[in-house]
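Notes follow once the structure below has been shown.
In this text the structure is predicted, and so the values were computed from the model without any measurement. Quick note: numbers below take in every heavy atom, side chains included, and nothing from hydrogens, waters or symmetry partners.
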Amino acid sequence: MRKTFILLLAMLLALPASAQKPKKKKQDHSFQVSKNLEIFNALYKELDMYYVDSLDADALVGKGIDAMLASLDPYTDYYPEEDIEELKMLTTGKYGGIGSIIRMRSDSTVMIAEPYEGMPAAEVGLHIGDVLKKIDNTDLKGKTVSEVSDMLRGEPGTTFVLQVQRPGENSTRDFKITRRKIKTPDIPYYGLLGPKNVAEGVDGSKIGYINLSQFTENCSSDMRKAVISLKEKGAESLIIDLRGNGGGLLAEAVKIVNLFVPKGKTIVETKGKTRLSSSSYSTTREPLDLNIPLCVLVNHSTASASEILAGSLQDLDRAVIVGARTYGKGLVQSPRDLPFSSNIKLTTAKYYIVSGRCIQAIDYKKKREKGGDGRTPDSLATVFHTAAGRVVLDGNGIKPDIEVKHDTMANIVYYISNDDVLTDWGSTYYANHPTIPDVDEFEITDDDFEALKALAQERKFKYDRLSLKQLEELKKTAKFEGYYEEAQPEFEALEKKLEHNLSKEMDRYKKEIKQMMAVELMRRYYYQSGTIREAIIDDDDVKKASEILSDSEAYRKILSPAPPASPAPPVPQTKN
């Protein structure tokens, strides 16, 4: 017996450490899960039984769930039964409602910010700037944007009366609206470029432009139709604009890649904790066009499925990526059903694109356990290679092949673009001009600019000026260190030079403010497509892409690996 025991002990000790402990480790983990769930259950029962005030179970447990998920990553979310429609909208782009964006005004009322073309809000005649007063008999005063949004949505086919206050009118207006199934457009605009979009000397009529705003069901079919339509109109190259596209369905991104690369290519692999979380996605159809030159526009808001599309085309040397480094979201979310018709959208895997790299920028586990921002600098990133041998790095998003530097938006331009003064100017203009010329012919006049400036002065429009803030900080530091009294005349002189002069400051940024005014009007007359068409006039990224696509040699050179460095010539030696 003793010999048998010693033999078994020797065999156990001979096993590698990893083979000795997994069962215990698994048992420990299971015990910790069971223990903490039991504690949580008992704790809540004690609170519910003995806490001095009555408790709202949904609110209290909901906060606990939210806090738990917030400690993981920003993409893992819980959806109780009443919010399931929001989850469906995220994955399909469809919901029951009126088809409009709403926002809060500075006076805490909710207004129409943008109706979608062809949707109930636009069809009944709602305008940008209309303040929402009542839904049926419910007064909306004091309601948040979220609360009003919930009231506007509902089952398709249901009808309600919306009362609004239109700017410049004394009486209210009532609109009877029937909710419909709303599908936000995946491609709000595509077309050939014009002279205002391209670099000097470039023929824009041969360059197609497609704005892809999201990856929802069947967006790959919409993309296919757009490409075919542009080629029929004479496009010999394409720009795909993914700027501001936060992603969506991974499978749709793969299908769009498939339009331009051969069948049978592995585009993405997902790797998670379970077998169900690990998958491989390949191109399954014959491509639409293997040769048409492509440029893909990206920026810091390009994320997730957008990065799969841009990164895969980069890894396959199939497109030139232009713009700014992308967001860096290499995590995959999957919805999982929970009891009582609730759901959790949780991170189940990381994705790895063609070259083998994962472009996830933040390591949330590292951030939780070690602090910091969880990012890995480029100097420590792993090197991967494209199909042609070009160097690409993992982590920190997709670095464009051609980076375009943009001027920072001036403070005054940013604040005007988000202020009611611009909205109300636009409402007045729209009321007085039933029609305007097409985007390519329309110009904001100096009189239009002066009208906005007069309204801003009348409203006493103000904005945060960094120069004055920094001067105040410098004065505090100077007083603390004892230098202020000696330098007081210089401080006062500088403060006088920095005095608020709204008219002068608006004149300084007249060109930028005029562009912003044009975009504001295009949203009213030509909806999303007009907004995009106006926004890409004098667009640095679009111009750079048009320049690359018009020069086949430059395009080819960008997609070719850098030649190896020539060896240094031998140093001549002298015999002494």
Side-chain angles (χ1 to χ4, degrees), residues 73 75-76 90-92 186 212 214-224 240 242 245-288 290 294 296 298 301-319 321 325-335 345-364 381-388 390-401:
D73 63 59
Y75 315 112
T76 297
L90 283 173
T91 56
T92 66
D186 304 305
L212 180 63
Q214 58 189 343
F215 290 82
T216 52
E217 286 179 343
N218 299 318
C219 70
S220 56
S221 297
D222 295 336
M223 175 64 81
R224 185 182 188 87
I240 301 173
L242 299 178
N245 186 327
L249 299 177
L250 180 152
E252 290 295 317
V254 175
K255 289 178 183 177
I256 293 176
V257 174
N258 195 173
L259 297 177
F260 307 107
V261 306
K263 179 180 178 180
K265 289 277 186 184
T266 299
I267 303 302
V268 185
E269 290 185 341
T270 63
K271 299 177 184 178
K273 190 187 294 183
T274 69
R275 186 182 290 179
L276 286 175
S277 303
S278 302
S279 302
S280 179
Y281 296 81
S282 300
T283 53
T284 58
R285 301 176 64 180
E286 293 302 325
L288 181 62
L290 286 174
L294 302 173
V296 178
V298 297
S301 300
T302 301
S304 193
S306 294
E307 292 173 297
I308 291 173
L309 176 55
S312 297
L313 292 174
Q314 184 181 54
D315 282 356
L316 291 166
D317 304 293
R318 184 61 189 86
I321 313 302
R325 191 190 286 264
T326 63
Y327 185 82
K329 181 178 180 291
L331 303 176
V332 181
Q333 281 72 49
S334 304
K345 174 176 69 68
L346 74 161
T347 299
T348 54
K350 293 181 180 179
Y351 68 73
Y352 299 80
I353 53 178
V354 183
S355 62
R357 58 179 168 150
C358 178
I359 52 80
Q360 174 62 25
I362 300 175
D363 184 335
Y364 289 102
T382 305
V383 171
F384 292 84
H385 295 88
T386 69
R390 296 185 297 142
V391 169
V392 288
L393 303 178
D394 70 346
N396 292 324
I398 304 293
K399 183 180 180 183
D401 301 307

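Looking at Val296 and Leu313, their side chains come closer than 4.5 Å, going by heavy atoms from C-beta outward. Looking only at side-chain heavy atoms (C-beta outward), Tyr352 and Phe384 stay at 4.5 Å or farther from each other. Cys219 places a side-chain heavy atom less than 4.5 Å from the side chain of Ile256. Side-chain contact between Val254 and Leu250 is present, with at least one heavy-atom pair separated by less than 4.5 Å. Counting heavy atoms from C-beta outward, Glu269 and Thr266 have side chains that approach closer than 4.5 Å. With contacts defined as side-chain heavy-atom distances shorter than 4.5 Å, the pair Ile240/Phe260 qualifies. For the pair Ile321 and Thr326, the minimum side-chain heavy-atom distance is 4.5 Å or more. Looking at heavy atoms from C-beta onward, Leu212 lies in side-chain contact with Met223 at the 4.5 angstrom threshold.
Relative to the ring axis of Tyr351, Lys271 does not place its NZ or CZ within 45° and under 6.0 Å from the centre.
Here Gln333 pairs with Lys329, Thr347 under the side-chain hydrogen bond (donor to acceptor under 3.5 Å, both in side chains) rule; sequence neighbours left out. Evaluation of the salt bridge (charged side-chain N to carboxylate O under 4.0 Å, His left out) rule for Glu252 yields Lys255 as partners, not counting sequence neighbours. Taking the salt bridge (charged side-chain N to carboxylate O under 4.0 Å, His left out) definition, one finds that Asp401 meets it with Arg390, sequence neighbours left out.
With rounding to the nearest 0.5 angstrom, the CG atom of Leu288 is 5.5 Å from the CG atom of Leu259. In this structure, Phe215 CZ and Ile308 CD1 are separated by 8.5 Å, a value rounded to the nearest 0.5 Å. In this structure, OG1 on Thr283 lies 9.0 Å from NZ on Lys263, to the nearest 0.5 angstrom. Rounded to the nearest 0.5 angstrom, Ile353 CD1 and Ile267 CD1 are separated by 9.5 Å.
Checking side-chain atoms of Asp394 against main-chain N and O of Ile359 turns up no donor-acceptor pair under 3.5 Å. Gln214 places no side-chain N or O within 3.5 Å of a backbone atom of Thr216 that could act as its donor or acceptor partner. Listed for the Arg325 side chain is a donor-acceptor partner under 3.5 Å among the backbone atoms of Asn396. Glu307 places no side-chain N or O within 3.5 Å of a backbone atom of Gly397 that could act as its donor or acceptor partner.
When all heavy atoms of Arg357 and Gly311 are compared, the closest pair comes out as NH2-O, 3.7 Å. Contact record, Val332 with Lys350: CG2-C, 4.3 Å, taken as the closest heavy-atom pair. Of all heavy-atom pairs between Gly246 and Ser304, the closest is O-CB, 3.7 Å. Closest of all the heavy-atom pairs between Ala305 and Ala253 is O-CB, 3.6 Å. Annotation for Glu217 and Asp186: closest pair O-OD2, 4.2 Å, computed over non-hydrogen atoms. Of all heavy-atom pairs between Lys265 and Pro262, the closest is CG-O, 3.6 Å.
There is no side-chain donor-acceptor pair under 3.5 Å between Thr270 and Ser278. Residues Thr302 and Asn245 bring no donor and acceptor atom of their side chains to less than 3.5 Å of each other. Inspection of the Asp315 and Ser312 side chains reveals no N or O donor paired with an N or O acceptor under 3.5 Å.
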Could you walk me through whether Leu309 and Leu242 pass the side-chain contact (heavy atoms from CB on, under 4.5 Å) check? CA-CA 9 Å; Leu309 176 55; Leu242 299 178; 3.9 Å; yes
